[in-house]
2 protein chains.
Amino acid sequence: MKTEQVFKALADPNRMKILNILCSRDCACNVGEVAGCCTVDLSVVSRHLAILKNAGIVSAIKRGKEVFYHVNRTEVAALLRQIAANIEKPCCS
Amino acid sequence: MKTEQVFKALADPNRMKILNILCSRDCACNVGEVAGCCTVDLSVVSRHLAILKNAGIVSAIKRGKEVFYHVNRTEVAALLRQIAANIEKPCCS
DNA sequence: TTATCATTTGCATTATTGTGCATATATACA
DNA sequence: TGTATATATGCACAATAATGCAAATGATAA
């Protein structure tokens with residue numbers, strides 16, 4: 001989980017909407033359900049999900065012809081807290 | 001401090017280097033000192049600092065002909081922790 | 001097998017962002 | 001005053017990223 005990749009992934013408004021909807025549902029969502037959160041084409045949502053997945057923010061599980069996505073809550077939270085701690089300390093890196 | 005703007009600001013490698021150098025020094029740095037961290041033109045560093053400032057991540061204090069930048073440590077850390085908490089909860093927003 | 005549905009990917013286009021150079025602004029000093 | 005230094009900004013260009021459509025892939029059902 002590279003911080004640069006994570007920040008890049010979170011820097012897009014549509015991906016944030018996608019992340020929010022995935023967070024709000026406790027169960028995993030398929031691409032079609034996620035796509036309801038924004039007006040862009042479903043193929044675009046699929047790409048955004050791939051970016052979030054490559055960044056380690058979400059995970060995908062294939063079941064039948066559908067792919068269910070869910071947020072890696074603890075990992076993402078841990079990373080953000082670690083970065084917060086580093087910034088708070090007088091010496092970052 | 002808007003999260004989208006913050007993530008956008010942190011999504012660039014040169015801005016992360018700038019933030020790291022600002023974090024590593026306990027005292028504030030002027031633009032010239034900051035510019036040592038990356039190979040881009042000093043005018044580019046100035047622009048990156050402006051982006052970080054507009055995002056609320058750093059603050060600037062002008063003294064004489066120099067401008068000293070420093071990280072808003074507690075604010076940034078608090079924001080990241082808040083986002084972490086939201087992601088960890090079953091319901092994000 | 002064929003048809004259908006869910007998702008992904010190739011490709012072209014548009015939009016956004018990063019960059020360097022030259023110039024402007026602001027401050028200090030001779 | 002003029003000159004030098006630090007920083008910011010206008011502008012053009014390059015690089016990157018987002019988007020939509022069409023087509024491909026993978027999986028199920030008829």
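All chains are named by letter (A, B, ...) in the order of the sequence lines, taking the proteins before the strands, and each is independently numbered beginning at 1.
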Exercise for review: Tell me, please, the opening and closing nucleotides of DNA chain D, 5' to 3', among those with an atom under 4.0 angstrom from a non-hydrogen atom of chain B.
Suggested key: D:dT5 to D:dC11
Review point. Are B:I51 and B:L42 co-members of a hydrophobic cluster defined by side-chain heavy atoms under 4.5 Å apart?
Key: no
Study note, to complete from the structure: When rounded to the nearest 0.5 Å, the distance separating OG of A:S59 from CZ of A:F68 is 15.0 Å
Exercise for review: Tell me which residues in residues 2-18 of chain B put a heavy atom below 4.0 Å from DNA chain D, sorted by number, or none.
Suggested key: none
**Study point:** Point-to-point distance, once rounded to the nearest 0.5 Å, from CE of B:M1 to CG of B:L79
**Key:** 5.5 Å
Review point. Rounded to the nearest 0.5 Å, how far apart are CG of A:L22 and NZ of A:K17?
Key: 14.0 Å
Review point. With no hydrogens and no angle check, is any side-chain donor or acceptor of A:R73 less than 3.5 Å from a backbone partner on A:C23?
Key: yes
Point to revise | Spacing of B:N20 atom CG and A:N86 atom CG [to the nearest 0.5 Å] | key: 8.5 Å
**Study point:** A:N30 side, atom CG; A:Y69 side, atom OH - distance, nearest 0.5 Å
**Key:** 10.5 Å
Exercise for review: Might you work through the side chain to side chain contact (heavy atoms under 4.5 Å, CB included) test for B:V67 and B:I61, ending with a clear yes or no?
Suggested key: CA-CA 6 Å; B:V67 179; B:I61 295 170; over 6 Å; no
Exercise for review: Select one nucleotide: of C:dA6, C:dT19, C:dC11, the one nearest the side-chain heavy atoms of A:E66.
Suggested key: C:dA6
Review point. Is there a donor-acceptor pair closer than 3.5 Å between any side-chain N or O of B:N14 and the backbone N or O of B:C38?
Key: no
Check your understanding: Base, sugar-phosphate, or nothing: which does B:F68 touch, judged by heavy atoms less than 4.0 Å apart?
Key -> nothing
Check your understanding: Could you state the CG-P distance from A:D41 to C:dT14, rounded to the nearest angstrom?
Key -> 17 Å
Practice item. Can you tell me the distance, in whole Å, between the CG atom of B:L42 and the P atom of C:dA22? Key: 15 Å
Exercise for review: Using atom types as modelled and distance alone, determine if a side-chain donor or acceptor of A:R25 lies under 3.5 Å from a backbone N or O of A:H70.
Suggested key: no
Practice item. Could you state the atom-to-atom distance from NE2 of A:H48 to P of C:dT9 in whole Å? Key: 15 Å
**Study point:** Length of the line joining A:I51:CD1 and C:dT9:P, which is rounded to integer Å
**Key:** 12 Å
**Study point:** Annotated protein contacts, base or backbone, on nucleotides 24-30 of chain C with a non-hydrogen cut-off under 4.0 Å, one of B, S, - each
**Key:** --SBS--
Review point. B:V44 near the nucleic acid: base, sugar-phosphate alone, or nothing, with a heavy-atom cut-off under 4.0 Å?
Key: base
Check your understanding: Would you call B:E4 and A:R15 a salt bridge, taking side-chain N to carboxylate O under 4.0 Å as the test?
Key -> no
Revision key, fill the gap. B:L52 CG to C:dT17 C1', in whole Å, measures 14 Å
Check your understanding: Between A:Y69 and C:dA6, does any side-chain N or O lie under 4.0 Å from OP1 or OP2?
Key -> no
